[in-house]
Undergrad: 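Attaching a single structure in structure tokens format; questions to follow.
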Amino acid sequence: QATLTERATMARRARELEQPLEADRTETQRALAVVGLNGEYFGLHLNAIREFIKVQKIASIPCCSQRVVGNINLRGEVMTLVDIRELLHLSVSQRSAVRQAVIAQVDDIVAGIAVDEVCDILFLSPSDIASLPANAGEDGDSLLEGVARYGESVLSILNLSRVLSADRFTAPALS
């Protein structure tokens with residue numbers, strides 16, 4: 001039996017009370033985009049993702065590493081599209097025509113990452129993420145941050161700043 005003004009006030013207060021719960025969720029949980037490559041699942045930190053796209057046309061770039069698929073035009077912005085399968089020790093022979101990509105930005109590096117599919121967005125608490133085995137990063141430069149369960153599969157969480165470092169995509173020296 002509240003008046004319209006009282007109802008509006010109660011609704012506003014209820015919305016204000018919900019906000020700290022949502023803020024707590026994002027502070028304690030990690031938002032990940034789940035993508036598929038060669039039937040395996042990889043998590044990408046959502047804060048480094050600008051968008052997900054369908055790839056229309058790719059312009060090849062001569063004299064580049066095979067990891068560089070080519071350039072794409074995204075609403076007037078030309079950016080490089082890369083294939084990270086080889087970095088992740090996945091079969092490159094399974095690579096089909098690139099149809100989807102994730103546009104990622106880490107610091108001043110913006111690049112498209114070719115993926116087979118964009119599967120999901122999920123929130124994981126730190127306790128859901130397992131550490132890597134001791135020998136996973138023997139070179140001290142592991143591309144993975146950890147692993148987690150994803151349904152009946154395993155989700156490998158990628159460190160995009162290491163994945164997109166420029167030295168990983170330079171062409172090998174010609175002899």
Side-chain angles (χ1 to χ4, degrees), residues 10-56 67 69 72 74-75 77 79-91 94-96 98-166 168-169:
M10 287 188 273
R12 180 181 48 81
R13 288 180 182 167
R15 283 191 304 273
E16 290 173 355
L17 289 172
E18 288 176 341
Q19 288 179 359
L21 294 175
E22 197 60 32
D24 288 344
R25 177 180 177 181
T26 58
E27 287 176 16
T28 60
Q29 293 188 331
R30 297 181 185 170
L32 299 172
V34 179
V35 298
L37 283 170
N38 291 13
E40 295 190 34
Y41 298 105
F42 296 91
L44 310 173
H45 289 282
L46 207 53
N47 61 355
I49 305 299
R50 283 187 20 188
E51 62 187 293
F52 306 98
I53 65 166
K54 297 224 182 275
V55 176
Q56 302 294 323
R67 295 175 184 160
V69 178
I72 57 174
L74 183 63
R75 294 180 299 280
E77 182 181 3
M79 65 183 59
T80 303
L81 181 65
V82 297
D83 186 344
I84 61 173
R85 283 175 174 81
E86 184 183 341
L87 291 174
L88 300 172
H89 304 290
L90 298 174
S91 172
Q94 291 185 22
R95 180 170 67 185
S96 58
V98 177
R99 294 200 166 89
Q100 293 186 39
V102 175
I103 306 301
Q105 180 167 2
V106 177
D107 300 323
D108 60 341
I109 299 172
V110 179
I113 300 172
V115 298
D116 296 335
E117 62 181 326
V118 176
C119 306
D120 206 352
I121 302 291
L122 45 99
F123 294 87
L124 294 177
S125 65
S127 63
D128 294 332
I129 301 171
S131 300
L132 296 173
N135 63 349
E138 288 177 343
D139 59 358
D141 194 27
S142 176
L143 300 177
L144 301 178
E145 292 181 358
V147 293
R149 291 186 58 99
Y150 180 65
E152 297 297 316
S153 300
V154 173
L155 175 73
S156 300
I157 301 169
L158 294 178
N159 181 324
L160 280 177
S161 61
R162 288 185 182 152
V163 169
L164 293 178
S165 65
R168 297 193 192 280
F169 296 98

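Predicted model only: the values in this text are computed from it and were never measured.
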Undergrad: Mind checking side-chain contact (heavy atoms from CB on, under 4.5 Å) for S125 and listing every partner two or more places apart, or none if nothing turns up?
TA: Q29, S127, D128
Undergrad: Within a strict 4.5 Å, meaning less than it, do heavy atoms of the L74 and E51 side chains meet?
TA: yes
Undergrad: Working to the nearest 0.5 Å, report the span between CG of L88 and CG of D83.
TA: 9.0 Å
Undergrad: Looking only at heavy atoms, which two atoms of I129 and A148 are closest? And how far apart?
TA: CA-CB, 4.5 Å
Undergrad: Go through the steps for L143 and H89 under the test side chain to side chain contact (heavy atoms under 4.5 Å, CB included), then give the verdict.
TA: CA-CA 11 Å; L143 300 177; H89 304 290; over 6 Å; no
Undergrad: For the atom pair CD1 (I109) and OG (S165), what is the distance rounded to the nearest 0.5 Å?
TA: 7.0 Å
Undergrad: Please determine whether side chain to side chain contact (heavy atoms under 4.5 Å, CB included) holds for the pair L160 and I113, giving the CA-CA distance in whole Å, both sets of side-chain angles, and the decisive distance to 0.1 Å.
TA: CA-CA 10 Å; L160 280 177; I113 300 172; 3.7 Å; yes
Undergrad: What are the two closest heavy atoms between Y41 and G36, and how far apart are they?
TA: CD2-CA, 4.5 Å
Undergrad: Is there a side-chain contact between F42 and V102 in this structure, where contact means two heavy atoms from C-beta onward sitting under 4.5 Å apart?
TA: no
Undergrad: To the nearest 0.5 angstrom, please state how far the CG atom of L37 sits from the CG atom of L90.
TA: 6.5 Å
Undergrad: With side chain to side chain contact (heavy atoms under 4.5 Å, CB included) as the criterion, how do L122 and L155 come out once you've worked through the C-alpha distance, each side chain's angles and the decisive distance to 0.1 Å?
TA: CA-CA 11 Å; L122 45 99; L155 175 73; 4.2 Å; yes
Undergrad: For E77, which residues count as a side-chain contact (heavy atoms from CB on, under 4.5 Å) partner, sequence neighbours excluded?
TA: R50, M79, V110
Undergrad: Side-chain contact test, heavy atoms from C-beta onward, threshold under 4.5 Å: evaluate it for V163 versus V106 and give yes or no.
TA: no
Undergrad: Give the minimum heavy-atom separation between G39 and D116, together with the two atoms involved.
TA: N-OD2, 4.5 Å
Undergrad: Using the salt bridge (charged side-chain N to carboxylate O under 4.0 Å, His left out) criterion, which residues pair with R13? Sequence neighbours excluded.
TA: none
Undergrad: Looking only at heavy atoms, what is the nearest atom pair of L32 and H45, with distance?
TA: CD2-ND1, 3.6 Å
Undergrad: How close do L46 and A33 get, heavy atom to heavy atom, and via which atoms?
TA: CD1-CB, 3.9 Å
Undergrad: Would you say the side chains of Y150 and D120 form a donor-acceptor pair under 3.5 Å?
TA: yes
Undergrad: Quick one: closest heavy-atom pair of L81 and A114, and the distance?
TA: CD1-N, 3.8 Å
Undergrad: With heavy-atom distances below 4.5 Å as the criterion, would you say the side chains of I72 and I53 are in contact?
TA: yes
Undergrad: Take L158 and L144 through the side chain to side chain contact (heavy atoms under 4.5 Å, CB included) test and state the conclusion after the steps.
TA: CA-CA 5 Å; L158 294 178; L144 301 178; 3.3 Å; yes
